[in-house]
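As structure tokens, the structure follows; a few thoughts come after it.
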Protein chains: 2
Amino acid sequence: MNNPYDPLLAHVRKFIPLEAEEVTALTNALRYKKVKKKEFLLREQQVCTANYFVLSGCLRMYFIREDGVEQITQFAIENWWLTDFQSLDWQQPSRFYIQTIETAELAILDRDTLSALFDHLPLLERYFRLVVQRAFAAAQQNLFFIYSSTGEERYRRFSTSFPQFVQRIPQYMIASYLGFTPEFVSKIKSRLK
Amino acid sequence: MNNPYDPLLAHVRKFIPLEAEEVTALTNALRYKKVKKKEFLLREQQVCTANYFVLSGCLRMYFIREDGVEQITQFAIENWWLTDFQSLDWQQPSRFYIQTIETAELAILDRDTLSALFDHLPLLERYFRLVVQRAFAAAQQNLFFIYSSTGEERYRRFSTSFPQFVQRIPQYMIASYLGFTPEFVSKIKSRLK
DNA sequence: CGCGACGTTGATTTGCCTCAACGATTGTGG
DNA sequence: CCACAATCGTTGAGGCAAATCAACGTCGCG
């Protein structure tokens with residue numbers, strides 16, 4: 001009964017009920033993949049073909065600014081989906097990279113498989129509607145953070161709201177996500193003591 | 001056959017097919033409202049109860065920063081949905097205001113009505129999944145803009161990508177949305193000539 | 001007409017970046 | 001197991017983009 005997708009099945013069940021045969025259909029649609037640290041799931045210019053669910057480990061999504069600096073836009077830890085919808089929906093080349101920060105175990109849903117699965121399991125539309133809605137709410141929240149007050153304040157709120165990220169993720173990546181330089185984060189930290 | 005919801009029905013049909021009786025069900029679930037300039041649909045601390053579709057006119061969503069300045073996070077013109085999902089999903093007090101910029105005609109879907117409608121019209125889950133997915137992609141795109149290059153460049157990209165906004169919306173609101181002061185926008189514009 | 005809302009322009013200030021040098025830690029091959 | 005390089009974090013000096021503050025022009029509207 002134990003299978004590697006258990007965290008995902010539990011996540012789905014938080015939103016919709018699942019019959020035994022539906023579990024089978026869903027499980028058959030998934031691909032399992034174990035990925036080493038710093039491997040890429042998506043690179044700039046590639047067309048994104050899948051949605052990634054993190055069973056264990058940690059991912060980041062980022063793009064390269066014109067000045068050559070990496071700009072992180074999202075992290076994903078256990079129980080988060082990550083993909084570039086802009087590329088996935090319209091099959092356009094992506095402007096983003098998706099890369100593992102730590103060794104990770106993933107449940108992968110390919111675009112075509114998923115769209116077939118929806119016809120079989122209509123309630124899954126609700127699950128993904130709610131998941132994307134939640135992600136969108138998080139993006140709105142993120143905008144709220146970005147524009148609230150000073151950089152120092154922003155760092156303080158981030159590290160109190162998401163201490164699990166501050167522990168796991170290197171400081172220069174936190175800096176990138178918050179939109180400033182590693183040096184500046186360092187100076188903020190020394191000021192906070 | 002002509003009814004005020006036509007733009008919305010057309011929008012839905014871009015994503016899913018609609019039978020005549022489904023049109024009736026959907027239409028019965030909607031509320032029509034004509035709203036004057038500068039009226040509020042949501043204020044800070046209120047719990048958001050509905051999702052708003054713009055039939056005509058223009059809305060903005062914003063919050064008040066700690067220093068008292070209004071920070072706009074989204075605009076909505078014809079054929080866009082706007083709501084605070086964070087407040088709507090978990091029935092929390094909102095941190096945002098939603099206000100009309102121009103006189104507007106709205107199609108309103110109340111939270112409870114919508115959830116009943118989903119059981120009746122399962123395909124509507126797909127419609128909203130795709131709409132929210134599209135909104136989320138736009139939010140990702142917005143983050144990309146925010147962190148790409150300088151303020152001047154950002155203004156330039158915005159005004160070439162969304163000229164319809166620059167025409168309709170007062171300059172100080174564009175400034176707020178882009179995250180800088182009205183004075184600065186003014187200076188950029190003079191530099192661009 | 002006169003007032004309030006909006007936009008412009010200039011002088012000054014400041015938050016964060018840039019650049020550079022220097023510890024601390026990690027990991028890797030001999 | 002050590003030597004050495006690479007990676008990551010810290011600290012300080014100087015610079016720049018955008019904010020702040022203030023004054024003035026202009027338009028629309030009661």
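Residue numbers begin at 1 in each chain, while the letters A, B, ... track the order of the sequences.
Rounded to whole angstrom, the span from the CZ atom of A:Phe184 across to the P atom of C:dT14 amounts to 15 Å. Here the P atom of nucleotide D:dG12 and the CD1 atom of A:Ile188 are 16 Å apart, to the nearest Å. Distance, A:Lys37 NZ to D:dC8 C1': 12 Å, rounded to whole Å. Across the protein-nucleic acid pair, A:Ile101 atom CD1 and D:dC8 atom P stand 12 Å apart, rounded to whole Å. In this structure, CE of B:Met173 is placed 9 Å from P of C:dG7, rounded to the nearest angstrom. Rounding to whole angstrom units, CD1 of residue B:Ile169 and C1' of C:dG7 are separated by 17 Å. The interatomic distance linking A:Leu192 (CG) with D:dT10 (P) rounds to 12 Å, in whole Å. Between B:Glu152 atom CD and D:dA18 atom P there is a gap of 8 Å when expressed in whole angstrom units.
Minimum atom distance to the side chain of A:Glu183 is reached by C:dA20, of the listed C:dA20, C:dG7, C:dT9. In this structure, the nucleotide among D:dA18, D:dC8, C:dC16 sitting nearest to the side chain of A:Phe180 is C:dC16. Here C:dT9 is the nucleotide among C:dC6, C:dT9, D:dT10 with the atom lying nearest to any side-chain atom of B:Ser186. The side chain of A:Lys38 approaches D:dC8 more closely than any other nucleotide in the set D:dC21, D:dC8, D:dT11. Of the candidates C:dT8, C:dC6, D:dG9, D:dG9 carries the atom nearest the A:Tyr172 side chain, counting heavy atoms from C-beta on.
Here A:Phe158 and A:Tyr177 bring their ring centres to under 6.0 angstrom of each other.
Judged by distance alone with a 3.5 Å cut-off, a donor-acceptor contact links the side chain of B:Lys187 to the base of C:dG10.
Judged by a 6.0 Å distance limit and a 45° cone about the ring axis, A:Arg134 is positioned over the six-membered ring of A:Trp80.
The 5' end of DNA chain C is approached more closely, in terms of each residue's nearest nucleotide, by B:Ser190 than by the other of A:Asp67 and B:Ser190.
Remark: A:Thr181 is in phosphate contact with C:dC17, judged by side-chain N or O atoms under 4.0 Å from OP1 or OP2.
Looking at A:Gln86 and B:Gln140, their side chains never bring a donor and an acceptor atom within 3.5 Å of each other.
Taking both residues in full, the closest heavy atoms of B:Asn3 and B:Tyr5 are given as OD1-N, 2.5 Å, listed atom of the first, atom of the second, then distance.
Screening A:Glu44, A:Arg43, A:Glu70 against A:Tyr97 for a side chain to side chain donor-acceptor pair (under 3.5 Å) leaves a single residue, A:Glu44.
Counting non-hydrogen atoms under 4.0 angstrom, B:Lys189 reaches the backbone sugars and phosphates but no base.
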